[in-house]
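Encoded as structure tokens, the structure appears first; notes follow it.
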Amino acid sequence: MRFTELSTDLAKNEQTLREIFQDCSDIVFRTFNVDPRVLLVYIDGLTDTQTLEKVVLQPILFDKNTDGLNHAYTPGEIIQQQLVAIAKVQTVSTLNEVTDGILKANIAILVEGEKQVLVASLKRSEKRGVEEPEAEVTVRGPRDGFTETLRTNTSLIRRRIRSVELKMESVTVGQFSQTEVIIAYIHGVASDTVLEEVRNRIRQIQIDGVMESDFIEEFIEDVPWSPFPQIQNTERPDVVSASLLEGKIAIMVDNTPFVLIVPMNFWTGLQAVEDYYERSIYTTFIRFIRYSLVNMSLLLPSLYVALSTFHQQLIPTNLLISIASSREGVPFPTFVETLLMEFMFEGLREAGIRLPKAIGSAVSIVGALVIGQAAVQAGIVSAPVVIVVAVTGISSFAIPRYNFGTAYRMLRFPMLILAGVLGLYGIICGLFIMIIHLLGLSSFGVPYMSPVAPQTLRGLKDVFVRAPRWSMNVRPAYVSGANKRRIPKGQQPNPNRKRGDQ
């Protein structure tokens, strides 16, 4: 019924729409008994009523400009005169298009004797301003972040990349939510193969509603059971813009500030935003520290358990005596003691995040006192375990991406169990399995460990070190399309040579 053509009888069209929107108290029907009669249908709360009265109602009721509604002008001319200057307007002719337009927060204008309906975008939605993302704070760099409004987010990208080659394809996902999803890429820079794969995976999604970009992410990632994320997410427009310039593809979803970036590799999870806003030599030094801390966050508890339980000969004598004396009176084995403390630490972290800020900080402080000083004094745990867990927790905070850090938090427990059962051999087996898994992973056909495996020497300029920007003159080979050159040669600063000389 909804796909039927509209009638020239306004009463019949109104009756049909009222049946479609039966029991929808927020749908407004406003009829104006002018010549010819006009019916407005819109969703209360989503329409800018001030603009509606000024642009639509006032000309109809007071300016006596309605003669043209049915005689002198076509609906297209009416649109041009009244609405086109301030709103996006289209003419539709089926009930399906009318109802879809109303549900997308547009206003439908039906005129007696007209089979065509004007659908005008006079949206009014509550939205917050552009603020700095709380999860990706930097000392140096832009302060703006994405919001829940899709058009605000696309404009933030357009402000940074002012090129006609920046394409933004729109796709609607969700049977009931009808959520707009934007696939953004730079034509010629993005890989056509990856782009087509992104289009296909998104178009195949069949879901009743999309509440957040994670709904899309879980449908299109390559290996859903892997602990490692294969799709990057960010709230920062500068990160998305830089990724687009590298040849990656962004997926923006309406009603969420988190934008997805594909493909993602392992090293992206370890790179912070500020790596690209500081001098390369400083960034390289910080990366060395960060990579060390990342490994500590994964291995320190299991190494402590393995060495103190199976391989005491590898511990210096004085340190071994100190550990043994501190464990005097502790009723649990080292493995159980460490596992218990790790479990409590993760529980405190989750409680601190989920609770309101005022309560969350108090829970964290009380929890830290209980599992720290009080637990040691009571003889439940030893001081070295508290130190190991605390250092591990601090190390995990050095991982820039939250979802990537979560993967390491998850893997810490199986590594701990392997260390408690097999000692160092268990840790080696765990690392071996993890490396094999990482080497087999891919993100939209791109190997997850690239450019290290398979190795491309040019790509290594932004993995373990961050080479100076003038030396990274080509885009990453594993994501870019035909246009691979990013910077012309000869950009290295040299006071004795003019810029551009070879």
Looking at every heavy atom in both [X] and [Y], which two are closest together, and how far apart are they?
X: Arg466; Y: Thr283; result: CB-CG2, 3.7 Å
X: Ile157; Y: Val240; result: CD1-CG1, 3.5 Å
X: Gly269; Y: Pro400; result: O-CD, 3.7 Å
X: Ile186; Y: Ile161; result: CD1-CD1, 4.1 Å
X: Val210; Y: Thr179; result: O-OG1, 3.4 Å
X: Leu293; Y: Ser395; result: O-CB, 3.2 Å

Can you confirm whether [X] sits close enough to [Y] that some side-chain heavy atom of one is under 4.5 Å from a side-chain heavy atom of the other?
X: Tyr185; Y: Glu169; answer: yes
X: Thr334; Y: Arg327; answer: yes
X: Ile387; Y: Val391; answer: yes
X: Lys104; Y: Ser121; answer: no
X: Val259; Y: Asn233; answer: no
X: Met168; Y: Ile183; answer: no
X: Ser191; Y: Thr193; answer: yes
X: Leu245; Y: Arg486; answer: no

> side chain to side chain donor-acceptor pair (under 3.5 Å) between Ser471 and Gln492: does it pass, once the steps are laid out?
Replying inline: CA-CA 7 Å; Ser471 70; Gln492 179 177 359; over 6 Å; no
>> Just to verify, what does Glu328 make a side chain to side chain contact (heavy atoms under 4.5 Å, CB included) with, not counting sequence neighbours?
In response: none
Got a second to check how far [X]'s [atom1] is from [Y]'s [atom2], nearest 0.5 Å?
X: Leu411; Y: Ser297; atom1: CG; atom2: OG; result: 10.0 Å
X: Asp100; Y: Asn106; atom1: CG; atom2: CG; result: 10.0 Å
X: Leu439; Y: Met434; atom1: CG; atom2: CE; result: 10.0 Å
X: Glu221; Y: Ser442; atom1: CD; atom2: OG; result: 11.5 Å
X: Ile207; Y: Phe215; atom1: CD1; atom2: CZ; result: 6.0 Å
X: His187; Y: Leu195; atom1: NE2; atom2: CG; result: 10.0 Å

Residue [X] excluded, over 12 heavy atoms near [atom1] under 6.0 Å:
X: Tyr277; atom1: OH; result: yes
X: Tyr291; atom1: OH; result: yes
X: Arg140; atom1: CZ; result: no
X: Ile487; atom1: CD1; result: yes
X: Arg199; atom1: CZ; result: yes
X: Glu134; atom1: CD; result: no
X: Gln206; atom1: CD; result: no

[X]: what forms a side chain to side chain donor-acceptor pair (under 3.5 Å) with it, not counting sequence neighbours?
X: Thr172; answer: none
X: Thr256; answer: Glu212
X: Asp462; answer: Tyr276, Arg287
X: Thr234; answer: Glu136

> For Leu244 and Val189, what are the C-alpha separation, side-chain angles and deciding distance, and is it a side chain to side chain contact (heavy atoms under 4.5 Å, CB included)?
Replying inline: CA-CA 8 Å; Leu244 292 174; Val189 174; over 6 Å; no
May I ask you to decide if [Y]'s main-chain N or O and [X]'s side chain share a donor-acceptor pair within less than 3.5 Å?
X: Ser213; Y: Phe258; value: yes
X: Glu246; Y: Ala242; value: no
X: Asn295; Y: Ser292; value: no
X: Asn153; Y: Thr147; value: yes
X: Glu342; Y: Val389; value: no
X: His311; Y: Gly423; value: no
X: Arg158; Y: Ser163; value: yes
X: Gln312; Y: Ser308; value: yes
X: Thr392; Y: Val388; value: yes
X: Ser226; Y: Phe228; value: yes

>> For Asn265 and Thr268, which I'm curious about, is there any donor-acceptor pair between the side chains at under 3.5 Å?
In response: yes
> Do Ser170 and Glu180 meet the criterion of a side-chain donor-acceptor pair at a distance under 3.5 Å?
Replying inline: yes
Students often mix this up, so state it plainly: with edges at 30° and 60°, are the rings of [X] and [Y] parallel, tilted or perpendicular?
X: Phe464; Y: Trp267; value: perpendicular
X: Phe266; Y: Tyr448; value: perpendicular
X: Phe397; Y: Phe345; value: tilted

>> For Phe444, does the six-membered ring have the charged nitrogen or CZ of Arg201 within the cation-pi criterion, i.e. under 6.0 angstrom from the centroid and within 45° of the normal?
In response: yes
> So Val223 and Gln230, side chain to side chain contact (heavy atoms under 4.5 Å, CB included) or not? Walk me through it.
Replying inline: CA-CA 8 Å; Val223 185; Gln230 298 127 57; 3.8 Å; yes
> By ring pair (Phe, Tyr, Trp, His ring centres under 6.0 Å), which residues pair with Tyr402, not counting sequence neighbours?
Replying inline: none
>> Whether Glu346 and Arg412 form a salt bridge (side-chain N of Lys/Arg under 4.0 Å from carboxylate O of Asp/Glu) is what I want to check.
In response: yes
> Is it true that Asp238 and Arg143 make a salt bridge, defined as a side-chain N closer than 4.0 Å to a carboxylate O?
Replying inline: no
>> Pair Ile202, Phe219 - check side chain to side chain contact (heavy atoms under 4.5 Å, CB included), show working.
In response: CA-CA 8 Å; Ile202 292 180; Phe219 276 97; over 6 Å; no
